Amino acid sequence: MSNIPEGPKSSDTEAKTLALLRRLLVGNGYSLEDIKLKTVQETDLHLPGRLMLELQVVPTETRVPGLPKGNEAAVFKSREELAGYIGSFHSELAEDPSWVEELRARLAKSPTGGWGLEQGDWDLAKQTKRVALVLPCDICRGQKNETCRQCHGQREVNCRACNGAREMWCPTCSGNGVNPNDRNSPCTNCRGKMKLACHTCQAKGRTPCANCRATGLTLCIECQGHGFFVEETLLKVAAQGRFMLGSLTSTPKGVTQVIDALGAEGLARGHAVITPMPSPVGTAIDYDALLPYGRYNLNLKGEIHDVIAVGMKPVLSEFPPLLDDTLSHVPADLNAGTLVAMSKKYRLIRELAEAMGRGEKPARFFSQRYPFGLTAPLAMAIHAQLKKVFASTTLMPRVMASVISAVIAGGIYYSWLNTPRFDLPVPPMAVDGAIAVILALLGWATVGLVGQWAIKRVMPMRATISAAGGLVALITLALILLIAAGLLYMPETRPAWLGLYIK
């Protein structure tokens, strides 16, 4: 074992391993006196890790009229200057470790400090900057004014009254030159000329432009009279990271097996002490994981077995399937009559039965409680046999409860349709439907409760049963709904509201 790095001894690794072995073996065919552990080697491994970081600068532009607000990091007058600044900003920021330190401070608040992170995305607010590009208006070229769009800079427009003709029809004679009071004499206002000089423009045909107030210029519509536009660019800085585990070439095979099973992220869940390390200038955060390692000889009933334990919560590697030797007969011998006896003899049977009673998944149970010493085929065979025992034990009680619930529900619904007892301010159709659903749910729940009661009778210990109705409960629910539908359709019990739809 010369390839194991030297380090401080893990004083409690052996004690924790021994406690784990006792938890695993005692009560499953082995006694406390059978378990003897001898230390071969015990040390602490230092496993390096690195969070590789990539810096991103995403510019977001916003164009607004006017001059800069005054709190920009930089103001430019050409796009070339702005593009050069963005490029240099990314380069200088990548070489500056300040953004890495900002990210390190944020990761320090997480339980693992970023160790084992598969993919991370972070916005770096302290590094984000806002710059501005000032450009003259394309219309007024910075003059703030543009040529009046009504008079086109002439300062005058055609008179609205005479439309530039300088004359207007006489309003007295309506332009026919005849006196309205004496058809044989000329109009007294225009003296028979039919037209008069325009009073609005004083017979000039044009009037001062009201839009520009006779100046020929108006505020530029494009820039709203500012003369300039500002393109504000937000240089949003973000970082992406992915974790890489250090080289495993110098670690024992048992350690690599445990790491492959747990993964880098799993190591931080109480198996190792993760310490962020001072990093040199660069786009990475380094870590050190202290991982206890112990190799032991297990003397079990005179047989010697190699045991490798890794981590502060020891994970056993290359552990022999000792439980297969003592529990191989369980799938064939386990039934409702032997369940209690086997549960008293074997702890695994008792705890698995209780877990199944709580509705716990078998994969979760075996991975958390019995990950060593029991092969997967045997573990699943024991689970499948227990499932059959529970199903056979509760089948007859559930079927009887189903039949009784359906008969009682049908009688109650028949009685209700013949002699309704409530006069509710809701449509009768809704009341009849609600009662049918309530009766069906009650039947479904009754089958489940009976199934739970039946399971508890054969359970080795008291446990909370989360689900015991199964398919029989669902069939009961559907059966009660079918009975209710049949009673609604029968002429003898058909309610008045349904008669409106059925001829």
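For reference, positions follow the sequence shown, starting with 1. Here the structure is a predicted model, which means the values were calculated and not measured.
For the residue pair Leu235 and Thr128, the shortest heavy atom distance occurs at O-CG2, 3.2 Å.
For Lys36 and Glu33, the salt-bridge test fails: no basic side-chain N is under 4.0 Å from an acidic carboxylate O. Ion pairing between Arg23 and Glu351 holds under the 4.0 Å rule for side-chain N and carboxylate O.
For the pair Arg242/Leu117, no side-chain contact is recorded, criterion being any heavy-atom separation below 4.5 Å from C-beta on. Contact check for Leu55 versus Leu124: side-chain heavy atoms found under the 4.5 Å cut-off. Residues Phe76 and Thr233 fail the side-chain proximity criterion, which asks for heavy atoms closer than 4.5 Å. Side-chain contact between Lys144 and Cys220 is absent, with no heavy atoms from C-beta onward closer than 4.5 Å. In this structure the side chain of Leu262 reaches within 4.5 angstrom of the side chain of His271, judged on heavy atoms. For the pair Lys38/Asn299, no side-chain contact is recorded, criterion being any heavy-atom separation below 4.5 Å from C-beta on. Within the 4.5 Å cutoff, side-chain heavy atoms of His383 are placed close to those of Met356. Thr476 has its side chain out of reach of Val403: every pair of non-hydrogen atoms, C-beta onward, lies at least 4.5 Å apart.
Shown here is Met244, whose CE atom has no more than 12 heavy atoms of other residues, nucleotides or ligands within 6.0 Å. Atom CE of Met52 sits in a crowded spot, with more than 12 heavy atoms from other residues, nucleotides or ligands closer than 6.0 Å. In the displayed structure, Lys236 atom NZ is contacted under 6.0 Å by at most 12 heavy atoms of other residues, nucleotides or ligands. In Lys388, the NZ atom is not crowded: 12 or fewer heavy atoms of neighbouring residues, nucleotides or ligands sit closer than 6.0 Å. Within 6.0 Å of atom CH2 in Trp444, 12 or fewer heavy atoms from other residues, nucleotides or ligands are found, so the atom counts as exposed in its surroundings.
Here Arg130 pairs with Asn71, Glu72, Glu232 under the side chain to side chain donor-acceptor pair (under 3.5 Å) rule; sequence neighbours left out.
Checking Tyr296 against Gln41 by side-chain atom types alone, no donor-acceptor pair falls below 3.5 Å. A donor and an acceptor atom, one from each side chain of Asp333 and Thr338, are nowhere located under 3.5 Å apart.
To the nearest 0.5 angstrom, Leu334 atom CG is 7.5 Å from Ser343 atom OG. Separation of atoms CG (Leu267) and OG1 (Thr112) is listed at 11.0 Å; rounding is to 0.5 Å. Of the inter-residue distances, the one linking Asn335 atom CG with Leu386 atom CG reads 11.0 Å to the nearest 0.5 angstrom. One distance of note links CG of Leu323 with CG of Asn28; it measures 5.5 Å at 0.5 Å rounding.
Geometrically, Arg63 engages Phe229 in a cation-pi contact, judged by NZ or CZ lying under 6.0 Å from the ring centre and within 45° of the ring axis.
The aromatic rings of Phe372 and Phe319 lie perpendicular to each other, with more than 60° between the two planes, well past the 30° mark.
Of the possible donor and acceptor atoms, none in the side chain of Gln240 sits under 3.5 Å from a partner among the backbone N and O of Gln119.
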